[in-house]
Amino acid sequence: MAETVKQYVRRILGYVEGHDPLAVQQATPRRLARLIRGRSRAQLARRPAPGRWSVAEVLAHLAESEMVAGYRLRMILSANGTAIQAFDQDKWAKVGKYARQDPKQSLEMFSTLRRSNLALLRSLQPRQWRMYGIHSERGRETVARIATMFAGHDINHTRQIEKVLRG
């Protein structure tokens with residue numbers, strides 16, 4: 001049975017409970033770099049099962065998701081209450097040819113975008129953390145909630161990568 005939006009949000013937020021979302025986000029690029037260090041491109045491109053993403057595909061997804069996060073944050077901060085469009089990660093993976101992406105370049109892009117987004121988040125005034133957008137699937141999301149969701153997203157996909165590499 002497919003996970004509902006509500007179940008997804010609860011799971012992702014649950015990963016971050018008791019942790020500082022910005023600290024999680026800051027640590028993720030280094031953690032990912034350690035996980036893939038010494039692995040060949042072929043190892044990182046291996047899918048664990050049909051229809052499941054390889055490490056390379058997960059890294060490409062993280063890079064593009066970070067681009068989306070930065071865009072969403074900047075839209076909210078420039079137009080409080082703005083609409084936030086959801087995206088279909090599987091369609092993006094197909095269109096973006098995630099399976100062919102160089103995992104090290106994906107990690108580099110993710111790391112660069114993450115530094116930029118963290119710098120923005122750290123510069124915010126308290127009132128800006130309460131600014132929000134209206135997500136097309138999840139409803140009202142504040143900047144604080146988005147930061148927490150992306151930290152949980154990091155943990156989710158880091159665990160996924162660890163599992164693929166163990167397999």
Side-chain angles (χ1 to χ4, degrees), residues 1-35 52-53 55 57-96 98 101 103 106-164:
M1 183 164 106
E3 186 175 45
T4 67
V5 171
K6 190 173 184 175
Q7 290 168 329
Y8 170 78
V9 169
R10 186 175 24 240
R11 180 171 59 84
I12 294 299
L13 292 175
Y15 292 145
V16 189
E17 282 182 20
H19 301 283
D20 173 2
L22 298 187
V24 170
Q25 288 190 43
Q26 183 172 337
T28 299
R30 286 187 314 277
R31 188 171 180 196
L32 293 172
R34 280 193 305 273
L35 286 171
R52 305 296 302 185
W53 282 358
V55 172
E57 289 168 300
V58 173
L59 291 170
H61 166 71
L62 285 169
E64 288 202 340
S65 294
E66 194 64 20
M67 180 174 48
V68 169
Y71 175 77
R72 287 177 178 171
L73 291 169
R74 285 160 179 83
M75 287 299 296
I76 291 167
L77 292 167
S78 64
N80 195 35
T82 194
I84 301 171
Q85 182 61 46
F87 67 94
D88 182 326
Q89 66 182 19
D90 293 317
K91 286 182 181 176
W92 279 42
K94 184 177 179 181
V95 169
Y98 287 3
Q101 298 301 314
S106 293
L107 179 57
E108 183 179 332
M109 182 169 109
F110 171 73
S111 300
T112 299
L113 292 168
R114 175 56 58 86
R115 279 191 302 276
S116 174
N117 290 336
L118 282 172
L120 173 65
L121 289 168
R122 288 186 175 118
S123 76
L124 298 180
Q125 300 298 314
R127 69 173 176 73
Q128 291 174 299
W129 285 92
R130 295 184 299 274
M131 293 177 79
Y132 66 93
I134 307 298
H135 191 281
S136 61
E137 295 175 344
R138 299 189 297 255
R140 184 180 172 126
E141 288 189 338
T142 64
V143 168
R145 173 93 167 215
I146 291 170
T148 303
M149 288 287 293
F150 272 89
H153 185 257
D154 283 4
I155 293 168
N156 180 61
H157 285 301
T158 300
R159 289 179 179 179
Q160 180 183 8
I161 287 171
E162 289 170 342
K163 185 176 178 182
V164 170

Ion pair check, Asp154 and Arg31, cut-off under 4.0 Å: no
Any side-chain heavy-atom pair of Glu3 and Arg10 under 4.5 Å: no
Side chains of Arg74 and Asn117 in contact at under 4.5 Å (non-hydrogen atoms): yes
For His135, the option from Val9, Ile146, Ile84 that meets side chain to side chain contact (heavy atoms under 4.5 Å, CB included): Ile84
Student check: side-chain heavy atoms of Trp92 and Val68 closer than 4.5 Å: yes
Flag side-chain contact, heavy atom, 4.5 Å: Leu32 against His157: no
Minimum heavy-atom distance Pro29-Ser111, with the two atoms named: CB-OG, 3.4 Å
Test side-chain contact (heavy atoms from CB on, under 4.5 Å) applied to Leu77 and Leu124, step by step: CA-CA 9 Å; Leu77 292 167; Leu124 298 180; 3.7 Å; yes
Spacing of Leu62 atom CG and Thr158 atom OG1 [to the nearest 0.5 Å]: 7.0 Å
Non-hydrogen atoms of Pro126 and Arg130 that approach each other most closely: O-NH1, 3.4 Å
Between CZ on residue Phe150 and CG on residue Leu121, distance to nearest 0.5 Å: 10.5 Å
Check: Thr148 side chain, Pro21 main-chain N or O, donor-acceptor pair, under 3.5 Å: no
Shortest non-hydrogen contact from Val5 toward Arg138: CG1-CG, 3.4 Å
Glu108, CD atom: more than 12 neighbouring heavy atoms under 6.0 Å: no
Nearest heavy atoms of Gln7 and Ala2, plus distance in Å: OE1-O, 4.1 Å
Neighbour count above 12 (heavy atom, 6.0 Å) for Arg52 CZ: no
Tyr71, OH: over 12 other non-hydrogen atoms inside 6.0 angstrom: no
Backbone of Leu120 reached by a side-chain donor or acceptor of Ser123 within 3.5 Å: yes
Backbone N/O of Gln25 and side chain of Arg114: donor-acceptor pair under 3.5 Å: yes
Mutual orientation of the aromatic rings belonging to Tyr98 and Trp53 [parallel < 30°, tilted 30-60°, perpendicular > 60°]: perpendicular
Heavy-atom pair of closest approach, residues Val16 and Ala151: CG2-C, 3.8 Å
Verdict with reasoning, Arg122 to Leu22, per side-chain contact (heavy atoms from CB on, under 4.5 Å): CA-CA 8 Å; Arg122 288 186 175 118; Leu22 298 187; 4.2 Å; yes
Straight-line distance of Glu66 CD to Arg115 CZ, nearest 0.5 Å: 11.0 Å
Step-by-step side-chain contact (heavy atoms from CB on, under 4.5 Å) determination, Phe110 to Thr28: CA-CA 10 Å; Phe110 171 73; Thr28 299; 3.9 Å; yes
Steps toward side-chain contact (heavy atoms from CB on, under 4.5 Å) verdict (Tyr132, Arg145): CA-CA 9 Å; Tyr132 66 93; Arg145 173 93 167 215; over 6 Å; no
Atom pair CD/OG of Glu57 and Ser106 - distance to nearest 0.5 Å: 10.0 Å
Flag side-chain contact, heavy atom, 4.5 Å: Met131 against Thr142: no
Minimum-distance pair of heavy atoms, taken over all atoms of Tyr15 and Gly152: CD1-O, 3.5 Å
Check: Val143 main-chain N/O paired with Arg72 side-chain donor or acceptor under 3.5 Å: no
Flag side-chain contact, heavy atom, 4.5 Å: Leu59 against Met109: no
